[in-house]
Amino acid sequence: MGRMRLTVSAHDDTRKLIVLAVDDEPKGLDELVHCLRNSPHVALVYPAIDASEALRLLSADDPRLADRKARGLPIVDAVFADIDMPGLSGMEMSRVFAALRPSPALVFVTGHAEEAVNAFDLGALDYVLKPYQQDRLDRAITRVIDKLAANAAPQYGQEGGPGLVKNDDEVIPVELAGTTKLIPRSSVRWVEAQGDYARLFTTDGSHLVRIPLAQLEERWEKAGFVRIHRSFLVSLPLITELRMGQGGYQVVIGNEEKVLPVSRRHTRALKDRLVGANRST
């Protein structure tokens, strides 16, 4: 391919987003660029017809990008990419961007719902299925903006607090009858292990996901989730009571007074977390 083309939107503003759009289908790329440019939150769009062209951006001689590197910013704020592309796939390309420090936000725009779990394991911020409307892409852009704001804000827990971090709200893909539904972490109240799967109990029901409980424990620790039992992971701020019950300690979750067991090996760590959280308020 030739040199990377630059599209400058009418909303040029250095406080707004600089994004990369990647799709090997010209019609799909044009539509993606058009929708991105329609957003009042996007200043610049760099289009690329494949992953190789997209990765040339890393060494592109562009003063805007050189300035971002000098200021310690990601080379672009976000990468909106298709997955199924010839040569280097969108997933493989995104692994390169995800390894950068700092790294841009990753948003996949694709017709392949079955790759959602792999995308979120890679750290994708959103997963937009084709065909999409402007409002759906606008929601993805909003997620990028929220992530940037969260990264720029001071993080609770750095000054001796309980270690909770107010960061971007991770979403988990759930397959329901051939449809991928995105469950925000903030809606999860507790998680129960079910073999190699985990069941997320949210404000509106429960959802089975193909993620081991141990993996969620590691990923969500700084977001305030604590292991209370080999089978349970709980959102710490939702614990309203720790009490002695039959067979050992129990916790009460939220206003619905859901009671879950606390294993002996997790009791001391849980008490320490609860005391630390109370001291910080």
Apply side-chain contact (heavy atoms from CB on, under 4.5 Å) to Val79 and Val19, showing your working.
-> CA-CA 6 Å; Val79 178; Val19 301; over 6 Å; no
So Phe225 and Trp220, would you call those rings parallel, tilted or perpendicular, with 30° and 60° as cut-offs?
-> tilted
Passes side-chain contact (heavy atoms from CB on, under 4.5 Å), Tyr46 versus Leu65? Steps please.
-> CA-CA 11 Å; Tyr46 288 84; Leu65 304 184; 3.7 Å; yes
Can you hop from Leu148 to Val107 via hydrophobic side chains spaced under 4.5 Å?
-> yes
Would a hydrophobic clustering, with Ile, Leu, Val, Met, Phe, Trp and Tyr connected at side-chain separations under 4.5 Å, put Leu73 with Ile75?
-> no
Roughly how far, to the nearest 0.5 Å, is the [atom2] atom of [Y] from the [atom1] atom of [X]?
X	Y	atom1	atom2	result
Ile239	Arg273	CD1	CZ	9.0 Å
Met91	Ile83	CE	CD1	4.0 Å
Ser89	His112	OG	NE2	10.5 Å
Thr110	Phe80	OG1	CZ	14.5 Å
Ile141	Asn38	CD1	CG	9.0 Å
Leu29	Lys27	CG	NZ	13.5 Å

Test of understanding: with side chain to side chain donor-acceptor pair (under 3.5 Å), list the residues that count as partners of [X], not counting sequence neighbours.
X	result
Asp77	Arg68
Arg139	none
Tyr132	none
Thr267	none

Sequence-distant partners of Asp67, salt bridge (Lys or Arg N to Asp or Glu O under 4.0 Å), two or more places apart | Arg71
Partner set under salt bridge (Lys or Arg N to Asp or Glu O under 4.0 Å) for Arg265, not counting sequence neighbours = none
Can you find a pair of side-chain heavy atoms, one from [X] and one from [Y], that are under 4.5 Å apart?
X	Y	value
Arg136	Val128	yes
Asp196	Arg210	no
Arg64	Leu44	yes
Val109	Leu137	yes
Leu260	Gln250	no

Cut-off 3.5 Å, no hydrogens considered: what does the side-chain donor-acceptor table look like for residues 94-106, sequence neighbours left out?
residue	atom	partner	partner atom	Å
Ser94	OG	Gly90	O	2.8
Arg101	NH1	Ala98	O	2.7

Nearest heavy atoms of [X] and [Y], plus distance in Å:
X	Y	result
Arg199	Ser206	NH1-OG, 3.2 Å
Met85	Asp50	SD-CA, 4.3 Å
Asp23	Glu25	OD1-N, 2.9 Å
Leu129	Gly111	CD2-C, 4.5 Å

From CA spacing to verdict: side-chain contact (heavy atoms from CB on, under 4.5 Å), Val252, Lys258 = CA-CA 5 Å; Val252 180; Lys258 173 66 178 180; over 6 Å; no
Is the count of non-hydrogen atoms from other residues, nucleotides or ligands lying under 6.0 Å from Gln215 atom CD greater than 12?
-> yes
Okay, side chain of Ser39, backbone of Leu36: is any donor-acceptor separation there less than 3.5 Å?
-> no
Sequence neighbours left out, what passes ring pair (Phe, Tyr, Trp, His ring centres under 6.0 Å) with Tyr249? Give chain and number order.
-> none
Does any pair with a residue in residues 79-93 pass salt bridge (charged side-chain N to carboxylate O under 4.0 Å, His left out), and if so which ones, sequence neighbours excluded?
-> Asp82-Lys130
Side-chain ion pair, Glu241 and Arg243, N-O less than 4.0 Å | yes
Pick from Leu242, Val259, Leu236: which one makes a side chain to side chain contact (heavy atoms under 4.5 Å, CB included) with Val251?
-> Leu242
Just jot down the side chain to side chain contact (heavy atoms under 4.5 Å, CB included) partners of Gln133, sequence neighbours excluded, or say none.
-> Asp135
For Ala193, what residues pass the side chain to side chain contact (heavy atoms under 4.5 Å, CB included) criterion, not counting sequence neighbours?
-> Leu213
Name every donor-acceptor pair, under 3.5 Å, that has one atom in a side chain of residues 226-234 and the other anywhere in the protein, sequence neighbours excluded.
residue	atom	partner	partner atom	Å
Arg227	NE	His229	O	2.8
Arg227	NH1	Glu217	OE1	2.6
Arg227	NH2	Arg230	O	2.8
His229	ND1	Ser231	N	3.0

Going through the checks in order, is the side-chain contact (heavy atoms from CB on, under 4.5 Å) test met by Arg143 and Leu125?
-> CA-CA 7 Å; Arg143 287 187 183 277; Leu125 194 61; 4.0 Å; yes
